[in-house]
Amino acid sequence: MEPRAGVSKQDIREQIWDYMEARNLADFPRPVHHRIPNFKGSYLACQNIKDLAVFARTQEVKVDPDKPLEGVRLLALQSKKTLLVPTPRLRTGLFNKITPPPGATKDILRKCATSQGVRNYSTPVGLDSRVLVDLVVVGSVAVSEKGWRIGKGEGYADLEYAMMVSMGAVSQGTPVVTIVHDCQVVDIPETLLEDHDLTVDYILTPTRVITTGCERPKPTGIVWSKEAVVGCPLGPQEDGESRPVPAAATACLADAEWQMEMAGLSGRRLPRACGAEAPE
């Protein structure tokens, strides 16, 4: 599946979502629209991370809470790596550290890797904590073999990465991995990319391990003109998660009590205003 000429990021998202729904390529939650798709074969794709040397030498890994990344979260826990998961909606800080109970069985580790486990077996990590992330794993709606990435349009992955840069947790050399269905690997015009867009170094699918060789610089910090996202929830959905308005090109930084200056990262508050344009 290749996007048609002259498309926008949202056009590409809609084409991917429509294609996956029409061909029944996803598991719960459905429909996949406005989500990082939980594609069929995600656990198989996640297993491919074991073939990456960067994973073998990783001590601390940040993995997004998306359902199709559950297999990577489990592998990280089974491999005794420190697993960091972004705080839901970024309401109370940046990370939660998943801490399985002593002597946890494989079944318990599986629970820890789920969204419910993230809530039940995690402790907050403050923005002022000394964190050094060796590997970043993000979900995507679409990605190109060149490493261009499109998320679901809320800007969380871009903002999380920018915050990690600001707190010294990642550098330009920190590898970024995304895990998708084969149909989500498409051509993406470079003209759609902006400075705040996170690129990826490795793409894992159920059938492929793609090294992108991407040389485009990753974000170097928060782009303050792109006032992303924390809040505007619609409330719990059928999969248990709260979501902002799905079409939202708007965002609400709902609770500015936590701000970059509390961690000594910036003299500026995160913007409070609703209605600011969110990064793609």
Side-chain angles (χ1 to χ4, degrees), residues 1-4 7-49 63-75 85-90 107 110-120 137-144 149-158 160 177-186 188 200 203-208 229 231-251 278-280:
M1 193 207 80
E2 295 304 327
R4 60 184 181 272
V7 297
S8 67
K9 287 182 181 178
Q10 188 61 25
D11 290 333
I12 293 174
R13 292 185 191 105
E14 295 292 344
Q15 287 180 55
I16 294 285
W17 289 328
D18 290 348
Y19 184 93
M20 297 185 79
E21 279 296 326
R23 288 157 181 79
N24 195 32
L25 296 177
D27 290 324
F28 176 87
R30 300 278 293 274
V32 297
H33 294 77
H34 313 297
R35 305 179 191 275
I36 300 297
N38 183 29
F39 61 93
K40 292 181 177 179
S42 63
Y43 257 80
L44 180 61
C46 288
Q47 296 302 308
N48 286 332
I49 203 168
V63 184
D64 282 355
D66 306 307
K67 181 68 174 176
L69 305 183
E70 209 168 272
V72 169
R73 295 195 293 273
L74 177 59
L75 283 171
V85 178
T87 304
R89 319 260 26 113
L90 296 180
D107 283 343
R110 285 187 182 278
K111 291 178 182 177
C112 290
T114 66
S115 58
Q116 186 63 46
V118 170
R119 288 188 284 269
N120 293 345
V137 184
V138 296
S140 301
V141 174
V143 65
S144 79
R149 171 191 173 273
I150 295 176
K152 61 181 181 288
E154 296 172 0
Y156 282 104
D158 298 327
E160 289 157 8
V177 177
T178 194
I179 301 174
V180 295
H181 191 275
D182 288 278
C183 76
Q184 294 173 260
V185 183
V186 298
I188 298 173
V200 303
I203 303 167
L204 309 182
T205 80
T207 66
R208 305 169 70 192
V229 56
C232 298
L234 288 176
Q237 305 296 294
E238 61 183 354
D239 60 348
E241 295 295 326
S242 291
R243 305 189 187 288
V245 178
T250 63
E280 296 287 352

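The structure presented is a predicted model; accordingly, all values stated were derived computationally and were not measured.
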Quiz item: Is the number of heavy atoms from other residues, nucleotides or ligands within 6.0 Å of NZ (Lys111) greater than 12?
Solution: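 It does not: Lys111 NZ has 12 such atoms or fewer within range.
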
Please enumerate all residues that pass side chain to side chain donor-acceptor pair (under 3.5 Å) together with [X], with sequence neighbours excluded.
{"X": "Asp64", "result": "Lys62"}
{"X": "Asn24", "result": "Arg30"}
{"X": "Asp182", "result": "Thr205, Thr207"}
{"X": "Ser140", "result": "Arg149, Thr178"}

As an exercise, state the distance from [atom1] of [X] to [atom2] of [Y], rounded to the nearest 0.5 Å.
{"X": "Gln10", "Y": "Lys152", "atom1": "CD", "atom2": "NZ", "result": "12.5 Å"}
{"X": "His181", "Y": "Ser42", "atom1": "NE2", "atom2": "OG", "result": "10.0 Å"}
{"X": "His33", "Y": "Ile16", "atom1": "NE2", "atom2": "CD1", "result": "11.0 Å"}
{"X": "Gln47", "Y": "Leu44", "atom1": "CD", "atom2": "CG", "result": "7.5 Å"}

Quiz prompt | Qualifying residues under salt bridge (Lys or Arg N to Asp or Glu O under 4.0 Å), relative to Lys67, sequence neighbours excluded | solution =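 Partners of Lys67 under the salt bridge (Lys or Arg N to Asp or Glu O under 4.0 Å) test: Glu70.
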
Exercise. Mind checking salt bridge (Lys or Arg N to Asp or Glu O under 4.0 Å) for Arg23 and listing every partner two or more places apart, or none if nothing turns up?
Key: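 Testing Arg23 for salt bridge (Lys or Arg N to Asp or Glu O under 4.0 Å), a comparison that skips the adjacent residues, returns none.
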
Counting C-beta onward and ignoring hydrogens, is there a side-chain heavy-atom pair between [X] and [Y] closer than 4.5 Å?
{"X": "Leu25", "Y": "Lys40", "result": "no"}
{"X": "His34", "Y": "Glu14", "result": "yes"}
{"X": "Gln15", "Y": "Val7", "result": "yes"}

Could you tell me which non-hydrogen atom of [X] sits nearest to which non-hydrogen atom of [Y], and how far apart they are?
{"X": "Ser144", "Y": "Ile188", "result": "N-CD1, 3.8 Å"}
{"X": "Asn48", "Y": "Leu204", "result": "C-CD1, 4.0 Å"}
{"X": "Ala142", "Y": "Ile12", "result": "CB-CG2, 3.7 Å"}
{"X": "Arg110", "Y": "Thr114", "result": "O-CG2, 3.2 Å"}

Practice problem: Please name all residues satisfying side chain to side chain contact (heavy atoms under 4.5 Å, CB included) with Pro65, sequence neighbours left out, ordered by chain then number. | Solution: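 By the side chain to side chain contact (heavy atoms under 4.5 Å, CB included) rule, Pro65 matches Val85, Pro86.
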
Practice problem: Could you tell me which residues satisfy side chain to side chain contact (heavy atoms under 4.5 Å, CB included) with Ala45, sequence neighbours excluded, listed by chain and number? | Solution: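 Checked Ala45 against side chain to side chain contact (heavy atoms under 4.5 Å, CB included); matches are Phe39, Ile179, Pro206.
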
Self-check item: Step-by-step side chain to side chain contact (heavy atoms under 4.5 Å, CB included) determination, Val141 to Ile36
Solution: CA-CA 6 Å; Val141 174; Ile36 300 297; 4.0 Å; yes

Self-check item: Full working for side chain to side chain contact (heavy atoms under 4.5 Å, CB included) between Arg208 and Ile203
Solution: CA-CA 8 Å; Arg208 305 169 70 192; Ile203 303 167; over 6 Å; no

Practice problem: For the pair Trp17 (side chain) and Pro37 (backbone), establish whether a donor and an acceptor sit closer than 3.5 Å, ignoring hydrogens and angles. | Solution: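 Checking the backbone N and O of Pro37 against the side chain of Trp17, no donor-acceptor pair under 3.5 Å is found.
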
Quiz item: Are the side chain of Asn38 and the backbone of Pro29 linked by a donor-acceptor contact shorter than 3.5 Å?
Solution: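 No, because the side chain of Asn38 does not come within donor-acceptor range (under 3.5 Å) of the backbone of Pro29.
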
